[in-house]
Structures are given as C-alpha cells and as structure tokens.
Amino acid sequence: MKLAEKLDLSKEELINFLRQMLLIRRFEEKAAEMYMRGKIGGFLHLYIGEEAVAVGAISCLKPEDYIVTHYREHGHALVRGIEAKRIMAELFGKATGTSKGKGGSMHLFDASKGFMGGYAIVGGMMPVGVGLALASQFKEEGRVTMCFFGDGAVNQGEFHESLNLAALWKLPIVFLCENNGYGMGTHVDKTFSGSDISKLAERYDMPCCQKIDGMDVLVVRDEVMKWVERARNGGGPSFVEVMTYRFRGHSMADPLEYRNKQEEEKWKKRDPIPLFKKRLLAEAVVSEEEMALLQKEVDREVEEAVEFAEKSPFPSLESVYEDVYV
Amino acid sequence: MKLAEKLDLSKEELINFLRQMLLIRRFEEKAAEMYMRGKIGGFLHLYIGEEAVAVGAISCLKPEDYIVTHYREHGHALVRGIEAKRIMAELFGKATGTSKGKGGSMHLFDASKGFMGGYAIVGGMMPVGVGLALASQFKEEGRVTMCFFGDGAVNQGEFHESLNLAALWKLPIVFLCENNGYGMGTHVDKTFSGSDISKLAERYDMPCCQKIDGMDVLVVRDEVMKWVERARNGGGPSFVEVMTYRFRGHSMADPLEYRNKQEEEKWKKRDPIPLFKKRLLAEAVVSEEEMALLQKEVDREVEEAVEFAEKSPFPSLESVYEDVYV
Amino acid sequence: MSVLTYRKAISQALQEALRQDDRVFLMGEDIGAYGGAYAVTRGFLKEFGEKRIKDTPIAESVIVGAGIGAAMGGVRPVVEIMTINFSLLAMDQIVNNAAKLFYMSGGQVRVPLVIRTVSGGGSQLAASHSQSLEGWFAHVPGLKVVAPATPYDALGLFRTAMQEESPTIYVENSLLYGSKGEVPEEHYVVPFGSAAVKREGKDVTIISYSRMLILSLKAADTLAQEGVEAEVVDLRSLRPLDTDTILRSVEKTSRAVMVEEGWKTGGFGAEIVSLIQEKAFDYLDAPVQRVAGADVPMPYSRPLELAVMPSERDIIAAVKNIL
Amino acid sequence: MSVLTYRKAISQALQEALRQDDRVFLMGEDIGAYGGAYAVTRGFLKEFGEKRIKDTPIAESVIVGAGIGAAMGGVRPVVEIMTINFSLLAMDQIVNNAAKLFYMSGGQVRVPLVIRTVSGGGSQLAASHSQSLEGWFAHVPGLKVVAPATPYDALGLFRTAMQEESPTIYVENSLLYGSKGEVPEEHYVVPFGSAAVKREGKDVTIISYSRMLILSLKAADTLAQEGVEAEVVDLRSLRPLDTDTILRSVEKTSRAVMVEEGWKTGGFGAEIVSLIQEKAFDYLDAPVQRVAGADVPMPYSRPLELAVMPSERDIIAAVKNIL
Ligand SMILES: Cc1ncc(C[n+]2csc(CCOP(=O)(O)OP(=O)(O)O)c2C)c(N)n1
Ligand SMILES: Cc1ncc(C[n+]2csc(CCOP(=O)(O)OP(=O)(O)O)c2C)c(N)n1
Ligand SMILES: [Mg+2]
Ligand SMILES: [Mg+2]
C-alpha cells in the first residue's frame, strides 16, 4: 500500500473511499431503475464509472470549502456528505429534497456544506466558481473552491474567461476537468483542437499536471491534494485534467450509438471499484467479509433513500411562488 | 534595403506603403478636427501610430480575400482601397458614405472589396471571421480571411471559441492581434494573465510567431505573408501578435490619465512613418522631394474627402426603414 | 397526403434543403454522430457526410457567429442551437451581428442564416432548460421568427426560411416532435407573416402558436361542447406578424385570449394584446385576456411544473372570464 | 438639499456603499485607472484601492458570473457592465444563474448582486451600442430592475439595491449624467416597486421611466400651455412593478400613453398597455397609446437617429391622438 501510506491515509479513510464509491454506484443504479419506473423525470445523467474522481478529489477539501459542478453531480453531492435520501427525494421531486423539489437531478445544492450547486448549462459553473474563490480571497478566509466540469465545457468561452481571471487574480480555485472522452455523443477529438487539454492552462501561467488516471482513487487524491493545498496557501489557481469514462450513456435517453464496444470494454476493465477493492484486499486493509458488509450497508442506505423519497410528500402548489425573491 | 529585396517588393509597392501610411495619418488627423467641429458624432477611435500594421498586413491579401476588424478601422478600410471620401462621408453620416450613413466610424463595410466590416463589440468579429473562412473552405475558393482585433479582445470567450474552431477545422484564417498595450484605459498586464498572448494560440495546435514589431511595416509584411500563404495553401489558421501603440487616446473622449509621458515618448520615437521614411531615403528609394509631393497628394485627397462629405446630402428620413430586411 | 410526425416533417425539410442546394450545410452540437438531441438529424451524417453535417464543440457563440460569417460568404448554413436556453450564450452574435449587419452595412451584407432551436418546458428539465425565449427574438428588428405547431407548418415554414435572405430563428417544441399531421406530397410553402385560422368560431378569438396552439385547439373543442364557438388563430410567424388576420378575427368575435407558454410579465403576448387594443379598441367587448406561464423559474417537480405551465383549463377559464 | 448631477448622485451612492460596508467592492471594465467610461467612478481607485475597485478584462460573462459567485460567498459586489449592449455577452449568467439560483436551490443560495449598466441611444453610437434592453431583464422572474430618471431617484434606488438580497439590474442612461436635481442631505431611500407621480394632471396619464420620463415631463409642460393637464408617472422600477399607481392614475384620467425608448414591437411598454387594459378596461375612453423607438436597428447618422428615437413631439402627438 505504498501510495496510501505516502498519502498518509488511515484505514478508516481508505474504507470510506470504498464506501463512497459503492454508495454512488448503488445510488445511481437505483436512480436509473426509478427513472425507468417513472419516479424520476427530466434528464438523469449517471456518473457510474467516474466515482473515483469525485471521491479522490473531494476528499482533499475541508468542510468550509466550496464546490461547484455540472449536472452529472450525484457523486459529488454524496461524497460531500449530502444524505442519499435527500438527494433521492430531490430526484423524485419531493418537498424533502435538497432543493425542495425545485431543482431536480441537475441542480443539487447544499449551501450548509459549501455545495454551491450543480449547473445544467455547460460551462456555466465556472464563472460562479471564480466568484466564490474571489469572495474567499476578499475575506481572507482560506476557503478553496473546487470547480468540476467536463471535457465538453473546455471549448466554451466561459472556460477561457474563467481561467484567465482566476489566474490574473491568483484566486484559490482548483479547476477539475473530468475528461470522459465525450460531450454527449461527440468525441473530444472532434471538439477540442489542441492535443492536450491540460496544457491549455499553462498559457494563463497556471500550473497544471499531466492527464491523471481517474480510475484510481488514490492517484486522484494524491494529485488533487497538492493543488488544493497550494490554493489554500495563497498559491492561486490550478488545473487538473482527470481521464475517466462514463460507463452509461450521456443521459437515460442516449442510445449510445457513437462509441464502440471495445472502447467500453477496455475502460470497464479499469472499473474504479474492483480496482480499488483488489488493492485493499491485496494489502489486507479490508477483508472480503468486511466488503460484503459495506455493500450491504450501502444497499440499505439506498433502499432507505428510495423509501424516504417515495413516502415524502410532493411540494405544496403554493411553494411554486416561494424562493423567487429573498 | 535588404528586407524589401528579400520581400521582393518593387519601388512602386514601397512607395505605396508610405503613401497609405501618410493617408491614414492625414485622414485621421482631419477626422479628429472634424469631430471637434461637431461634423462627426459618436465614438471616433484613431489608429494613429498603428499604421504600419494595417499597411503591412493587408498588403499580403488578394482582392478576393476577406477582412473583418474592430471599430478602430479607418486604417484597414483605407488600405483595402475604400475611397477616403466615402469613409469620410460615412463619418459625417451622409448618404454617400460606405453604409449610407447608417454605420458610422465603427461600422465600415465594403462587401465588393471583401471588407466585411468593422465590429464595435469587442471580440464580436472573430466568430464571423471564422464563418467567412468556413465559407471559403466549403466552396474551395482559396480565399483567406484576415481577422483583426485588439489585445483587449483576447480575454473574451469568443476569442477562445473562435481559435479552437478555426484550428479544429483547419480554416483559412489569420488572426491578427494588434497589441497596443491597452484596452481602453486598462493595461494588458491587468487583463491577460499569461506572459505571452501569442503563445495562447499554440495550445490549439495553431502556429504563431513571436511578438512582432508593428512599427516596421516591412516586418509586418514579411511575417504576415507567411501565414496568409499558408492559409491559402490549405495549411489552416495561424495567429500573429503585432506590438504597436496608439498615439492618441482610446477615443476622442479619453483624458489619457492612465499612461505616462515616458512611455508615450518611447513609442513615438518609433513612429512608423518617419521610421519608414528614413529607410526609404537611406536606400534612395524615394527622394525628399518625392515625399513632399506624396504628402501633398495625400493632403489633397483628404481635403477632397472632407469636401465631398461636407457637400453630400444626409440620407433621406425614409431610408431609416430600408435595409432592415433584404 | 401523407401523415408525418412533426419530427419527420422537420427532418424531411432539412433533407430536402440539403439535396436541393449543395451550398446548404448543417452545423451544431451532436447533430452528426449522435443524431441530434431530439433525433431530428438521425442518419444525416451517413447520407450527407462530415462536410455538410458538422458536429461542433459546445460553444454557442462561435456556432452562431460562424453561421453568420458563412452566410455572408455565400453558403447556406442551418445552425442548430440545441435548445433556446443555450441561445443566451449566443445572444450577442444573434442580436448585434445577425440582426444588424444588413443595416449597419447599408444593405451590403446579407445574412441568409437559419437558426433552428427548441423552445418550451414540460419535460421536467427545470429552470435553466425550460424557457420560452422566442419573444425576445421577435423584439429584434432584422430577425425573422417562426414557430410551427404542426407538421404541415413545420415543413412549409422551413421551406420559406431556406429562401429567405434575412436571418431566421426557427423555433421547434420538444413536446411536439411525436405529434402527427397531414402533409401534402406536392410542393407547398407557408409564407412568413401569415397567421392561420386553425378553427373558425364567432364567440371569442384564441391566439397562440407552437404547442400552446394545440392546447388552444383542445380548449376550443371542449368549449364547443358547452356551446362556445372559439376561433383559434395560429400566429406561426412572430416576426413578421400577421396583424390583419388577428384583427379580422377579433373584429368578428369582439373578444380575445392570448395564449403563450413563457412568463406572462413582459412576454410577447403583451404585444398581441397591445396591438389588439390599439387597433380594435372599439370592437372589444371585454379586456383581452392573457394565459401564460407563471412568473417563476420553472420548477423541476412534476406537480409544480404542471401548475406553472398554461393548461387547457386555464384557457377555458380565461375564455369564460370574458364571455 | 443640495443640487447634484445624476452622475454625481450615482458616484455618491457608490462611495457611500463602499464606506459603509467593507464587504462592498466594485468590479468592471475600466472603472479603476480610467475612472469609468462615463466617469462615474473617477478617483475611486485612489480612494478605495485595487482590492475594492477591480478593473477586469473585457469578458462580460465572467465579470457577471464572478459577481454572482462572490455574492453567494458573502460579499457585496457591484458589477458594472459598461453598457447594456454588452450584457448580451453575459446573458446566460444573468438569466440562468443570477435570476434562478435562489429558486433552483430551494431558497438556499442568495445572490445579492447589483449590476450597474447604461441603456439607451442618442449619442450616435449606432446599432450595436444604442439599445434599450432593460425590458428583457424585467421579463425574468428572479431579477429586479430599476431605472432612475433623476439624481434623487438614482441615489435612493441605489441605496435600496444595496439592501436587496436578490439580484438587481440598475439601469442608468448616458444622456442623463449631466442632468441636475435636488437631493436631500439627510438619509432617504426609494423603495423598489414604487412608481412616482412626477406631475399631476387629470386629462391623460403619461407613463415612462429613465430619460423618456424627462421627455414626458417636457411634453406635459408643452401640453399644459395648450390646456391639457397630463399626469406623468415615473415607473422607476420595472420589476417589481407598481401596478397600483399606474391604475390609480389611469382610473382618474381614462387615457394613457406609454413612452419608452426601445423598439416598439415586443417592448416592455406592451406589458404596461396590457396591464392597463386588463385591469382598467372599463375606465378607458380610448386605446392606450405607445410611443417607442422605431422598429429598426439604430442608424448612426444624426438626422436618422433623431427620426428613430421618441421625441417630445411624438409624445404630444400620441396624447392628442386620444384626447
Ligand atoms: C450551453 C449548453 N450547451 C449545450 C448543452 C447540452 N448538453 C448537456 S450536457 C452536454 C455535453 C457535455 O459534455 P461534457 O462537458 O464532456 O460533460 P459530460 O456530460 O461528459 O460529463 C451537452 C452538449 C447544455 N446543457 N448547455
Ligand atoms: C463586449 C464589449 N465590451 C466592452 C466594450 C467597450 N470597449 C470598446 S473598445 C474597448 C477596449 C478594447 O481594447 P482592445 O481590444 O485592446 O482594442 P484597442 O481599442 O486597443 O484597439 C472597450 C472595453 C465593447 N465595445 N464591447
Ligand atoms: Mg465529457
Ligand atoms: Mg488595445
């Protein structure tokens, strides 16, 4: 367990990483099922396959830090400690949901946890993340903002404007690009002209690392920690490109006609969960039994989440007019 | 006359370069005067000091090529061969102007010369330029688009979107950044985070040259020619950053409080016109007398332009409703 | 006559344009390999190839701007903005360039650009993905804006759009893609600026467009059962606007209800109301009513979403309010 | 009382905010070293320093977006978008984020952001630089929109904006900066959603805001010489809208003219007309008139620009049209 040691992670932390990944996986499998059963509406974007990214990256944050992310954010929300049942209730459109049913899957928020939102407009969270970092700098709070976005967001004008301003003002923000190879059905090679997304950031005089392996939670943790600490210590923004893959379609509506089985299989062989499990087993951090138990716990948590969502009331019709203005 | 020879320029061409620079200078001095006298309204952005850029760069184009540029575009328009009197008439808001008085100083057009417009929204011409290049590629016309913009436009989202798409699709366009050190009253160091604007372009896998000397018309010509030819031969887009300086304020309203005299003096010592004159004299291309004659011709042309503008009628009030729809 | 879905009518219109004129090409996000977010361009990449079916990066401003430039350069781009919500990112290009270049150039530069986009809510996509912003475009001189409600109009209006030399915003509605209607085999067009009386009646005029037109027709059916004969006018084209057809109907019925899906306050419906009261004041027996979306961001939760969006019942209530 | 220019009133409002609350900062293009495109923030950089007077790159989207994020993070940004035309580049941040975050988060995330901007034409800046787009913002639930016409209202409304917890678009007009008016020394505020009767009259109600309000008052003076007593209502706040004051006046005068500078078709004036005819139908003796900008992009040439923009004469003609 060289890396984990180097990272100075306790057994509990390692187990928690596994637990979080299992929770995301199970939560989303269930959400997909509920979607098929008509319990969830709108778009549902699954993070399955990408779990190691959220788990590794968000583990680097302190409770007072900020997160902004995209619409594929169940994973980020769960890792940040938002209760599964409140997220599921939001997906069900219930009054007990994180946004009282007003936001849905694409707009999860928990301000008390610095989870400042899922954003459904590609790239739209980046300027907001820059602003949160600006507030932290202005108030000298030492809070770090972690800004997640996909490979597809890289070509939006706001990407450029945000990186430039963050670098110019040396704001405490980590830009984390989840490069899963596709924006909807379009391969990154058809949308981004450069050979290397991460290299874009250099030109703003912003440090960036090589493309990192998003299927290995410990690699993600290791890399991201450096940049979070740098930001916290006044070193300014940085850029991380994490290579990953979504095992499912873009959303539930995606017929997945644009990519081939071989590619999918290749990535699925590097499924972050078995990968991490194998390692934990090999290094005797957890036993098979403990893992089974963990899985059971997670299964129960998700079942309870569904039950909670199911039993919760829909918001009152009057609530439609609430929360428009403070 | 090493460089001129290397560039394979005839005496006529060299004289024409000088003539064009003199014309821009005189035209704008006169325009400023007319503005002060209330003959010209709106914003008037002078190009004085930057003449060598337009002259050198546009000399590389063929008649069928396209130009899009910003609101500081009298120089580009004059070099492209739009008659001074029609430009002056436009500035006067007269029916005989390039846009029949509807566009004004910031919106000069001559579609018959591929002069596809001055654009008053910073960065707004870049996507349009990309589209013109796309049309050329689609129709396999071999037309090149030259897209001018300032250092201030570099931080707009559209800059990024445009460079990326042009590079991705290998479009025949030359992006020419006129870096005059300031966007309005804000120094480029306060707006662009990287150390080198031209290096930004590399990351789209687009070739770019070092910052080039925009006060020397032959340097501009030499550098830009390479990229225009490359674009014409299917080599795709490129990026040129030209270092220059506007001797006047941002517009006529600018109190010029944000920059210091030393800096101004330093640049004025490199005024592109005396610089080029000296060279022509040294190499005996033109005599003092010929130059004086040239100046006289230019003065007369500008006088006639003012007279033409002055005498031209204002557009009819009915024309207000024309040209909204085709 | 054949019966086509709204989706198929638009697909066919696009195919026709692509086949008839080799200067025509399509450009947008996920229109190629993915087949279009709403499957309108499915199979196109295979038939027409990459040169004419251009998948783009997610970069709405340059998509539209490049469409403008290409149109200026003599080709015929049909640009897709996946939904009208994302047009907010291309607003400057649409409003300051597409709409104004012909004017600012004194009539020199033409922008024969068609922008296809999808408006409206009703699929629980929540606040940022459920807007009806076509009224904003209809406010802008230099743009033309059409919004078909039926397969017939979808095909006919698209044909006109492709003949236009001015920029056109062609507004689709995602809940209509599966709806069916008759479409003649022989060639026809639906001109811009021509509203259609989609149902005749004498008691009240209901004015609408796009999906709300379908709801209005349903409401009229229900009202008919109660003996109220509503005339239903489909604007089809918001700019240019067919004021004559609206006024003719209102002069006949003396009562009018404007139905639109977007927010009520400052919505395009207010324009219709204003026009009617300006030009048919003496004919009106009652104030023109507006049925529109509630003035709130669209909520995700299904019961809330239903409460916010105009319903058949709302239309009927508005009609009864002025009978 | 002291007499201040509109510019000075706004400067003073900004200084006051900066001095009273150290969470307040200004952010925008050329507000620092240059002193503001309209000299409103001249000298500010020196007084308040770079931390609180932030010159930005020309990048409207991130300027507004960073303002939103900063507001969410507990500070009090006042963002300047140099003119309302450039807000088109920040439209997504304004409409999809600023306006909706409070709602989409179920009331968790507040965006106490003030966006200052300058609307209107009249300085020969031509089509892309002369628009009046505040009506679009007034269409969007979640935003508040105010547009002062006088130094008094400029200061009073700004004070309210700084107390708001919802995002506010504060709309200035460049032709008003030099205009003067009385402003009390003692503290006062002008609440949002409160229109003001700026001149009393019994014959007709003229409704307007911003610079058109000044024209309307002039027109009323001229009309008075001819024996027509016009009541002039200054909306001041477009959203929330003070419907009561409008209706009270119209119920008294039975005639109304709405005056706005922007394009007529689909303009915000149509909302006012619709409201009046919906709620005061039985009081109206004549159709409500609209005086607005011509439906064309703004031409550069001075005589054309004057022809396009609403004038005192247009207002008088509209009033006479319904007397
Ligand atoms: C501005 C904007 N344009 C288009 C869309 C439609 N859309 C939603 S997700 C998506 C793909 C985004 O891809 P990427 O950023 O790589 O994220 P991923 O879904 O792969 O996680 C697109 C085009 C949108 N939501 N916003
Ligand atoms: C989108 C937009 N924002 C702001 C402005 C106002 N403005 C006009 S010119 C200018 C400075 C542009 O600087 P630069 O690109 O360096 O060109 P230069 O004037 O130096 O030639 C600004 C901020 C504008 N016209 N458009
Ligand atoms: Mg992706
Ligand atoms: Mg500059």
Side-chain angles (χ1 to χ4, degrees), chain A residues 66 68 90 95 97-104 106-112 114-121 123-139 141 143 145 147 156-158 160-166 168-169 171 173 315 319 321-326, chain D residues 22-25 27 50-52 54-77 79 89-90 92-93 95-113 140-144 164-168 192-193 239-240:
Chain A
Y66 291 123
V68 288
E90 187 62 29
T98 40
S99 293
K100 308 186 219 160
K102 282 175 175 159
M106 303 199 287
H107 306 107
L108 300 176
F109 288 81
D110 188 341
S112 73
F115 196 82
M116 304 310 269
Y119 292 75
I121 300 293
M125 76 296 285
M126 301 189 72
V128 175
V130 169
L132 286 162
L134 175 59
S136 168
Q137 183 191 62
F138 191 91
K139 298 200 278 179
E141 295 178 321
R143 281 175 156 173
T145 297
C147 176
Q156 277 287 17
E158 292 187 329
H160 173 63
E161 296 186 8
S162 298
L163 263 71
N164 183 53
L165 196 67
L168 192 67
W169 290 353
L171 301 177
I173 182 167
S319 76
Y321 295 98
E322 293 161 8
D323 305 323
V324 181
Y325 294 100
V326 181
Chain D
D22 59 18
R23 295 170 313 157
V24 172
F25 68 93
M27 177 159 67
E50 287 201 344
K51 184 180 176 192
R52 301 184 70 197
K54 292 185 183 293
D55 272 326
T56 65
I58 307 171
E60 283 76 8
S61 210
V62 79
I63 296 173
V64 171
I68 293 169
M72 288 161 68
V75 287
R76 285 269 173 185
V79 159
L89 288 154
D92 177 65
Q93 288 297 332
V95 174
N96 278 330
N97 284 343
K100 297 182 172 57
L101 280 164
F102 188 59
Y103 198 83
M104 294 194 300
S105 68
Q108 293 183 71
V109 169
R110 294 174 180 208
V111 185
L113 169 68
V140 180
L143 298 179
K144 303 202 170 185
E164 271 293 331
E165 291 285 330
S166 297
T168 300
F192 287 6
R239 189 176 190 113

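These numbers come from a predicted model, not from an experiment. In what follows, chains carry the letters A, B, and so on, assigned in the order in which the sequence lines appear, proteins first and then strands, with residues in each chain numbered from 1.
Of the possible donor and acceptor atoms, one in the side chain of S166(D) sits under 3.5 Å from a partner among the backbone N and O of V326(A). Y325(A) places a side-chain N or O within donor-acceptor distance of the main-chain N or O of G142(D), the cut-off being under 3.5 Å. Between the side chain of Q108(D) and the backbone N or O of T98(A) there is at least one donor-acceptor pair closer than 3.5 Å. Looking only at distances, a side-chain donor or acceptor of N97(D) sits under 3.5 Å from a matching main-chain atom of G124(A). Not one N or O on the side chain of K102(A) forms a donor-acceptor pair closer than 3.5 Å with the backbone of M104(D).
Looking at residues two or more places apart in sequence or on another chain, you find no side-chain hydrogen bond (donor to acceptor under 3.5 Å, both in side chains) involving R52(D).
Scanning all heavy atoms of the two residues, the minimum distance from D22(D) to F138(A) falls at O-CE2, 3.3 Å. When all heavy atoms are compared, the tightest approach of T56(D) to W169(A) is CG2-CH2, 3.9 Å.
For L108(A), no part sits under 4.5 Å from any heavy atom of chain D, backbone or side chain. For chain A, the nearby part of V140(D) is the backbone; its heavy atoms alone come within less than 4.5 Å. L143(D) touches chain A through its backbone: at least one of N, CA, C or O sits under 4.5 Å from a heavy atom, while the side chain does not. Within the 4.5 angstrom heavy-atom criterion, only side-chain atoms of N164(A), from C-beta onward, approach chain D. Only the backbone of E322(A) comes within contact range of chain D, judged by heavy atoms closer than 4.5 Å. Proximity to chain A is limited to the side chain of R239(D), based on heavy atoms less than 4.5 angstrom apart. Contact of K100(D) with chain A is not made at all, since no heavy-atom distance falls under 4.5 Å.
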Item to check | CA sep, side-chain torsions, deciding dist, call: F115(A), V109(D), side chain to side chain contact (heavy atoms under 4.5 Å, CB included) | outcome: CA-CA 10 Å; F115(A) 196 82; V109(D) 169; over 6 Å; no
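Between the CE atom of M126(A) and the CD atom of Q93(D) there is a distance of 11.0 Å, given to the nearest 0.5 Å.
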Which donor-acceptor pairs under 3.5 Å do side chains of residues 59-75 of chain D form with protein atoms, sequence neighbours excluded?
{"unit_1": "E60(D)", "atom_1": "OE1", "unit_2": "Q156(B)", "atom_2": "NE2", "d": "2.8"}
{"unit_1": "S61(D)", "atom_1": "OG", "unit_2": "E158(A)", "atom_2": "OE2", "d": "2.5"}

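Among L171(A), V68(A), T145(A), V324(A), the residue making the largest number of heavy-atom pairs under 4.5 Å with chain D is V324(A).
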